[in-house]
> 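Would you mind keeping the following structure in view while I ask a few things?
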Protein chains: 2
Amino acid sequence: MEALAALADPTRRQIVALLADGEQGAGELAGQFPVTRPAISRHLRVLREAGLVRVRAEGQRRVYALDPRPLSELDAWLAPYRRLWAQRLDALDTEIARGRRARAPENGR
Amino acid sequence: MEALAALADPTRRQIVALLADGEQGAGELAGQFPVTRPAISRHLRVLREAGLVRVRAEGQRRVYALDPRPLSELDAWLAPYRRLWAQRLDALDTEIARGRRARAPENGR
DNA sequence: CTGATGTGTAACAGGATCCTTACGTAAACG
DNA sequence: CGTTTACGTAAGGATCCTGTTACACATCAG
């Protein structure tokens, strides 16, 4: 679950969100944030070490792409807890919560 | 997504795991970790502020219980990415190389 | 070759985090 | 009451994070 630490930072979550729409170069990515490029380079390194992104050299550019596997692991980690809020939809047998979609509750704090 | 920062710590994740099996008192909880009780008290505070646990005073004891709502939020955050690995787990590289799929959620900063 | 472009790394500062020991406080006990 | 029990909080230190500026290096344009 090293991915959790990487995803704990808002900037890195945003990078992940951007890359979900398609790969991007490092500079192109950095241009969309209020921090300097080295800072983004640092974040990309953390994401890389967490396995969340992959880099591909394209000439002098570094193209980053999302690797969803750690997210899949996070999903698996979350799985055992799913029954805890699935039960809120009582009235039905919640033995197996599979196949149904958990509704998104309003954000708490 | 404040929960992500709280869950980034292994000790806190373990506390969450323990509480998923049922509520426990603070000291009882602390006894299962190799760190001192004040350290656990601190972790419980972070979890509390993230909304992941609730406290109930029972005499002089403080009974902690898991509140799954932030986990549900995390699940909802993860949802848009799910399609990235749900389709073809054995063709990730192709998937990544093509990019341009799934729309992404936003993130606070 | 020379210079511009695109990126990563180094060094450093400021703040956050995690742990420990010491102390404060409220409920239960005799 | 005075003590014990169960917690939380304060203070201090070591380490980690995140951001900035300065710099090292390839690669591309001429």
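Letters go in sequence order (proteins before strands), and every chain restarts at 1. Heavy atoms only: backbone and side chains are in, while hydrogens, waters and symmetry mates are out.
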> Counting only side-chain heavy atoms from C-beta out, which of D/dT9, D/dG19, D/dG8 sits nearest to B/Arg62?
D/dG8
> Separation of A/Glu49 atom CD from C/dG8 atom P, in whole Å?
13 Å
> Between the base of C/dG8 and the side chain of A/Arg37, is one N or O donor paired with an acceptor at under 3.5 angstrom?
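Looking at the base of C/dG8, it does pair with a donor or acceptor on the side chain of A/Arg37 (distance under 3.5 Å).
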> Roughly, in whole Å, what's the span from CZ in A/Arg56 to P in C/dG8?
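Going from A/Arg56 (CZ) to C/dG8 (P), I get 14 Å.
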> Is there a donor-acceptor pair closer than 3.5 Å between any side-chain N or O of B/Arg12 and the backbone N or O of B/Ala6?
yes
> Tell me: CG of B/Leu4 to P of C/dT17, nearest whole Å?
14 Å
> For a quick check of understanding: with a heavy-atom distance under 4.0 Å over all strands, which category does B/Tyr64 fall into, base, sugar-phosphate or nothing?
sugar-phosphate
> Could you tell me the separation between the CZ atom of A/Arg13 and the P atom of D/dT18, rounded to a whole number of Å?
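Nearest whole value for this atom pair: 11 Å.
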> Is B/Arg12 touching bases, backbone alone, or none of the nucleic acid, heavy atoms closer than 4.0 Å?
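It contacts sugar-phosphate atoms only.
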> By the 4.0 Å heavy-atom rule, please label A/Ala39 as base, sugar-phosphate, or nothing.
base
> Could you tell me how far apart A/Gln14 (CD) and D/dT18 (C1') are, to the nearest whole angstrom?
16 Å
> Taking B/Tyr64 as the fixed residue, which of B/Leu18, B/Leu52, B/Val53, B/Leu47 is the one that meets the side-chain contact (heavy atoms from CB on, under 4.5 Å) rule?
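That would be B/Val53; it is the only one of B/Leu18, B/Leu52, B/Val53, B/Leu47 passing the side-chain contact (heavy atoms from CB on, under 4.5 Å) with B/Tyr64.
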> For B/Leu44 and C/dT17, give me the distance from atom CG to atom P, rounded to whole Å.
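Distance, rounded to whole Å: 16 Å.
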> Please report, rounded to the nearest Å, how far the P atom of C/dC19 is from the CD1 atom of B/Ile40.
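Those two atoms, CD1 and P, are 7 Å apart.
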> Report the nucleotide, chosen from C/dC19, C/dT9, D/dG8, that has the shortest atom-to-atom distance to any side-chain atom of A/Ser41.
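Ranking C/dC19, C/dT9, D/dG8 by closest atom to the A/Ser41 side chain puts C/dT9 first.
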> Distance check needed: D/dC17 C1' versus A/Asp9 CG, whole Å only.
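In whole Å, D/dC17 C1' lies 9 Å from A/Asp9 CG.
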> Identify, between A/His43 and A/Gln60, the residue whose nearest nucleotide on DNA chain D lies closer to the 5' end.
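That would be A/His43.
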> At what distance, to the nearest 0.5 angstrom, does CG of B/Leu29 lie from CD1 of B/Ile15?
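Answer for the CG-CD1 pair, B/Leu29 versus B/Ile15, is 5.5 Å.
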> Does any N or O in the side chain of B/Arg13 come within less than 3.5 Å of the main-chain N or O of B/Ala8, such that one atom is a donor and the other an acceptor?
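Side chain of B/Arg13 to backbone of B/Ala8, a donor-acceptor pair under 3.5 Å: yes, one is there.
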> If you pin B/Ala26 and A/Ala5 to their nearest nucleotides in DNA chain D, which one's is more 5'?
B/Ala26
> Verify the contact: side-chain N or O of B/Thr36 to OP1 or OP2 of C/dT20, cut-off strictly under 4.0 Å; return yes or no.
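Affirmative; the distance criterion is met.
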> Walk me through it: do A/Arg61 and A/Glu28 pass the test salt bridge (Lys or Arg N to Asp or Glu O under 4.0 Å)?
CA-CA 10 Å; A/Arg61 301 188 39 186; A/Glu28 180 183 2; 3.6 Å; yes
